[in-house]
Amino acid sequence: MPFLKSLNPLQYKAATCTTGPLLILAGAGSGKTKVLTSRIAHLIIHKKVAPSNILAVTFTNKAAHEIKERLEKLVGDKSQEILTGTFHTVGLKILREEGHRIGLNSKLTIYDEEEQTLLIKLVMSELSIDEKDAPHKMVLYEINLAKNGNLSPDEYRFQSSNPIADYVAMIYRAYQNKLILMNAVDFGDLICKPIQMFKTMPDVLEKYRDLFKYILVDEYQDTNKTQYVLTNLLAARHKNICVVGDPDQSIYGWRGANIDNILKFKEDYPGTTLVKLEQNYRSTKNILAASNCVIQNNEQRLDKTLWTDNHEGEMVTFEECLNEYQEARFVVNTVKKIMAHDQKLKYKDFTVLYRTNTQSRTFEEVCFEEGIPYTIIGGFKFFDRREIKDTLAYLKAIINPHDSLNFLRIVNVPPRGIGKAALDKVHAISRAHNLSLYDSFKKAVDDRILIKQEIRDFVGSFDMLRRESSEMPLHEFTSRMLDITGYSDFWEKKNTEDALERVKNLDGLVSAISNYVNNHPKAALSDYLNLVSLMSDADGYEEKHNRVTFMTIHSAKGLEFPIVFMVGMEEGLFPHKRCMEEDEDTLEEERRLCYVGMTRAKRQLFLVSAKNRSAGKETNQTVPSRFINEISADYIRRKDVAPQGTAQDHIERIRKLLGS
DNA sequence: GTAATATAGCTTTTT
DNA sequence: GCTATATTAC
């Protein structure tokens, strides 16, 4: 078969060793996607495995789509039947099929972080727990941590050493009860709930074990405890589990990822076949050598040396600029210079990677001035805008009548004369009769507790919309909803520049939904809403656009570009000061992040820093990142810039450098 | 009781 | 620089 012939011997082994547990340690740029797709194609074509018996879990939806696309070329229509997606997509699929057994129906709402926060605040106020005793942000963090570790409220309280663990456990318990009442789940639940069902309902476990006879997990180094447990339960019978990953690229520890999952795979699955892919097909010798210099400084790692047959290439460049504005100018000018020199390169061959999203602003400004086309991945997303969130909240509240949280969000937007006093009454009814907020609201109107005509009308139109929601195409419904609720009007009437922008965005959302309807004629509104909730930043990256891409290093995972700029290479920013304050492990994770960034580059890598960086209203002098110093002089060319400003500044800078 | 306006506080990475 | 809270105006 042609697709197997193009593999090197180790890749071939990884693709064709189809029975029993398989661990593929795949270094950066070692062709792991090619191996994964070849393996699936081999299973279907040569081993006659039914496509529906294959589960391929990826880190992002984009990676899942890419695998599907490549597979379509290899196996044709059969690729449609393979289940590919993130852990969250898979969990959702299971919950929509089986959730009725634990009190969830298929119209369930997925709560994102903002909705989680609102619910926690709501629960805290109901339990009269003060923000001072348990800051909601810490509560959220702890609850998510517990869920990633597959801990119930009781287990959490037992294990946690956090001083507010008692409060958190209490809030966590109430929070879970609320979620069920609201027919809603958070990200953690998408994985925890299926596990709970597998453990308590043997028939459900049987069903999915038999369905997913062959399991593949990509980016295994970034799986957490629950994800481990889920795959472990599923794979226990057939033991056909293949995981791919690279411990050196584990960068999601802060989200509960457990690097031990990959390090201890061999112990968890006796009889594991191990394949190490160490030949890099992506980068030049210089880039690879420089990257190896950095990662070698980590104590905790499996020994592994990536090598390549590629050219020596250009040296890695380190450029120290005066400030972040000059940093952006340097990048833009270099892009122009390189493109003038090599006509074959396009804008889309360049990427700018940074540690924090806020860094994108300066680059955006300079590119705008210079007329360089660009796209920003992540950061302030379209779906994070207030008007879009409000609209989605309306839609969620309409199709899921139990979703009190989103109902609460929109009940007085636009203002309908429903303030704190009115809501207190509704909350009282809700508690007294154990009703959803919407039903309580209706009861308050029926019982003439709320008498304003405006409020009566609102309840009437809400009921009508709920009836209509399944009677017309999704985009038409959305448009009608915006009309009837007066939400569009609310912004239009304001008539400010900002408000008109928001109206434009609402139109944008309607056409996005219309687009979706064209591609998914049979989809329901809940399908769309769930899709939006599970969409990731990297999913928005479109290679067909010929633009320079800006994104965080985290978002760049799994991608590659001919020319890469890593900017903000300064102590305190990268490694980030919040990580430096913590233990050695988190610093090692920063180093892995640096390694991930560097190994995205195929031809040329620029490391850039700013000697002066403004943080808020202050400007601070900086010291180049320790990661720069870790690169041997053989592979890096340094360009320093003369000190700036007055003699006083200069003395000040030297003092800072000396740490006095 | 509710709506509009001023102020303070935070900004690591994300499914 | 942008959002949640506090204050004031209606």
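So that the names make sense, note that chain A is the first sequence line, chain B the second, and so on, each numbered from 1.
The aromatic rings of A/Phe462 and A/Phe407 sit perpendicular, their planes meeting at an angle over 60°, well past the 30° parallel limit.
One finds no side-chain N or O of A/Thr552 lying less than 4.0 angstrom from the OP1 or OP2 phosphate oxygen of B/dT12. Look at A/Asn357 and you'll find a side-chain N or O under 4.0 angstrom from OP1 or OP2 of B/dT14. Look at A/Lys121 and you'll find a side-chain N or O under 4.0 angstrom from OP1 or OP2 of C/dT5.
If you check every strand for non-hydrogen atoms under 4.0 Å, A/Asn412 touches sugar and phosphate atoms only. Nucleic acid contact class of A/Lys425 (heavy atoms, under 4.0 Å, all strands): none. At the heavy-atom level, A/Lys557 lies nowhere under 4.0 Å from the strands shown. Contacts of A/Arg416 with the nucleic acid, taken as non-hydrogen atoms under 4.0 Å apart, involve only primed sugar atoms and P, OP1 or OP2. Counting any heavy atom pair closer than 4.0 Å across all strands shown, A/Lys577 reaches no nucleic acid atom.
If A/Ser533 and A/His576 are placed on DNA chain B by their nearest nucleotide, the residue sitting closer to the 5' end is A/His576. Position along DNA chain B of the nearest nucleotide to A/Lys137 versus A/Phe87 favours A/Lys137 as the more 5'-ward residue.
In this structure, A/Tyr252 forms no aromatic stack with the base of B/dT13, since the conditions of centre separation below 5.5 Å and plane angle below 30° are not both met.
Regarding A/Asp222, its CG atom lies at a distance of 12 Å from the P atom of B/dT15, rounded to whole Å. Atom pair A/Arg592:CZ and B/dT13:C1' shows a separation of 13 Å (rounding to whole Å applied). Straight-line distance from the CG atom of A/Leu587 to the C1' atom of B/dT13: 15 Å, rounded to whole Å. Per the geometry, CG belonging to A/Asp384 stands 11 Å off C1' belonging to B/dT14, to the nearest Å. Between A/Asn224 atom CG and B/dT13 atom P the separation is 20 Å, expressed in whole Å. Atoms NZ (A/Lys389) and C1' (C/dC2) sit 15 Å apart, rounded to a whole Å. Protein atom CD of A/Glu115 is 15 Å distant from nucleotide atom P of B/dT15, rounded to whole Å.
Test A/Leu605, A/Thr351, A/Val608 against A/Met566 for side-chain contact (heavy atoms from CB on, under 4.5 Å) and you get one pass: A/Leu605.
Under a 3.5 Å cut-off, the side chain of A/Thr223 and the backbone N or O of A/Glu219 do not form any donor-acceptor pair.
In this structure, A/Arg592 fails the cation-pi test against A/Tyr595, since its NZ or CZ atom is not both closer than 6.0 Å to the six-membered ring centre and inside 45 degrees of the ring normal. The cationic atom of A/Lys389 (NZ for Lys, CZ for Arg) does not lie both less than 6.0 Å from the six-membered ring centre of A/Phe383 and within 45° of the ring axis.
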